[in-house]
Amino acid sequence: MAKKEEFNGEILLCTNKKAYFNYFLSEFTECGIELKGSEIKALRLGHCSLDDSYVIFRGGEAFVLNMNIPLYQNNGIFSHEPTRTRKLLLHKKQIIDFQNRIDREGYTLIPTRVYIRKGICKVQIALGKGKKNYDKREVIKKREDERSVMRDFKHSM
């Protein structure tokens, strides 16, 4: 069973660490997700991956692509496809607002966290603007500087 964190009644299942590195994220929104029985059972075991996943709009509805929920072992023949397209549950006004921002301003809609709140699976999505290579190098340099300072501080004691 995977390690799950609990905070304010939420059980965190997975995060998209790659999104925080590759995008400038803003406007975080919580939404529901339409899942099958075997998918929620696999999620409750902590099996999920959001790497390379993103949100698209088709026919006035939002869908998340490339979200990987591995097969539930004890399911038998009624299993699901691990990377199938899953519908996000958003209000129509939210979908229109996000779609306009994506079309006009060049943003991407990215899932950042999957968690369970009050027994219901939720996905946190955010608008993301892609980082350039020099932005990524700045983040790496800053992280390495902080590590070296902490290392020096630790050895000086």
Using side chain to side chain contact (heavy atoms under 4.5 Å, CB included) as the criterion, list what pairs up with Asp97, not counting sequence neighbours. Lys93

By side chain to side chain contact (heavy atoms under 4.5 Å, CB included) - contacts of Ile96 (at least two apart): Lys92, Asn100

Is a side-chain N or O of [X] found less than 3.5 angstrom from the main chain of [Y], in a donor-acceptor match?
{"X": "Gln94", "Y": "His91", "value": "yes"}
{"X": "Glu146", "Y": "Arg143", "value": "no"}
{"X": "His47", "Y": "Tyr72", "value": "no"}
{"X": "Asn68", "Y": "Thr83", "value": "no"}

Who else is in [X]'s hydrophobic cluster (ILVMFWY, side-chain heavy atoms under 4.5 Å, direct or via others)?
{"X": "Ile140", "answer": "Phe21, Val139"}
{"X": "Tyr54", "answer": "Ile56, Phe63, Leu65"}
{"X": "Phe28", "answer": "Tyr20, Tyr23, Leu25, Ile110"}

Do [X] and [Y] make a side-chain contact, defined as non-hydrogen atoms from C-beta onward lying under 4.5 Å apart?
{"X": "Lys36", "Y": "Lys41", "answer": "no"}
{"X": "Glu27", "Y": "Phe98", "answer": "yes"}
{"X": "Leu88", "Y": "Val55", "answer": "yes"}
{"X": "Arg86", "Y": "Val123", "answer": "no"}
{"X": "Leu50", "Y": "Met67", "answer": "yes"}
{"X": "Leu89", "Y": "Ile33", "answer": "no"}

Start with the C-alpha distance between Ile125 and Leu90, add both sets of side-chain angles, then the distance that settles side chain to side chain contact (heavy atoms under 4.5 Å, CB included), and finish with yes or no. CA-CA 11 Å; Ile125 57 176; Leu90 288 166; 4.1 Å; yes

Non-hydrogen atoms of Ser49 and Cys14 that approach each other most closely: N-SG, 4.4 Å

If you take all heavy atoms of Asp145 and Ser148, which pair is closest and at what distance? O-OG, 2.8 Å

Sequence neighbours left out, what passes salt bridge (Lys or Arg N to Asp or Glu O under 4.0 Å) with [X]? Give chain and number order.
{"X": "Lys18", "value": "Asp52"}
{"X": "Lys136", "value": "none"}
{"X": "Glu61", "value": "Lys87"}

Test log, rule side chain to side chain contact (heavy atoms under 4.5 Å, CB included), inputs Thr85 and Val64: CA-CA 6 Å; Thr85 302; Val64 64; over 6 Å; no

Quick one: pull up [atom1] in [X] and [atom2] in [Y] and give me the separation to the nearest 0.5 Å.
{"X": "Asn133", "Y": "Glu138", "atom1": "CG", "atom2": "CD", "value": "12.0 Å"}
{"X": "Lys131", "Y": "Arg137", "atom1": "NZ", "atom2": "CZ", "value": "13.0 Å"}
{"X": "Lys141", "Y": "Tyr134", "atom1": "NZ", "atom2": "OH", "value": "16.0 Å"}

Could you tabulate the donor-acceptor pairs under 3.5 Å formed by side-chain atoms of residues 111-121, not counting sequence neighbours?
unit_1: Thr112; atom_1: OG1; unit_2: Gln124; atom_2: O; d: 3.1
unit_1: Thr112; atom_1: OG1; unit_2: Gln124; atom_2: OE1; d: 3.1
unit_1: Arg113; atom_1: NE; unit_2: Gln124; atom_2: OE1; d: 3.2
unit_1: Arg113; atom_1: NH2; unit_2: Glu10; atom_2: OE1; d: 3.4
unit_1: Tyr115; atom_1: OH; unit_2: Glu30; atom_2: OE1; d: 2.5
unit_1: Arg117; atom_1: NE; unit_2: Glu10; atom_2: OE2; d: 3.1
unit_1: Arg117; atom_1: NH1; unit_2: Glu30; atom_2: OE1; d: 2.8
unit_1: Arg117; atom_1: NH1; unit_2: Glu30; atom_2: OE2; d: 3.3
unit_1: Arg117; atom_1: NH2; unit_2: Glu10; atom_2: OE2; d: 2.2
unit_1: Arg117; atom_1: NH2; unit_2: Glu30; atom_2: OE1; d: 3.3

side-chain hydrogen bond (donor to acceptor under 3.5 Å, both in side chains) partners of Glu105, counting only residues at least two apart: Arg101

Thr108: what forms a side-chain hydrogen bond (donor to acceptor under 3.5 Å, both in side chains) with it, not counting sequence neighbours? none

Side chain to side chain contact (heavy atoms under 4.5 Å, CB included) evaluation trace for Leu71 with Ser38: CA-CA 7 Å; Leu71 296 175; Ser38 60; over 6 Å; no

Within 6.0 angstrom of Lys122 NZ, more than 12 heavy atoms from elsewhere: yes

Identify each donor-acceptor pair in which a side-chain atom of residues 149-157 lies under 3.5 Å from a protein atom, sequence neighbours left out, and give them as a table.
unit_1: Ser156; atom_1: OG; unit_2: Asp152; atom_2: O; d: 3.4
unit_1: Ser156; atom_1: OG; unit_2: Phe153; atom_2: O; d: 2.8

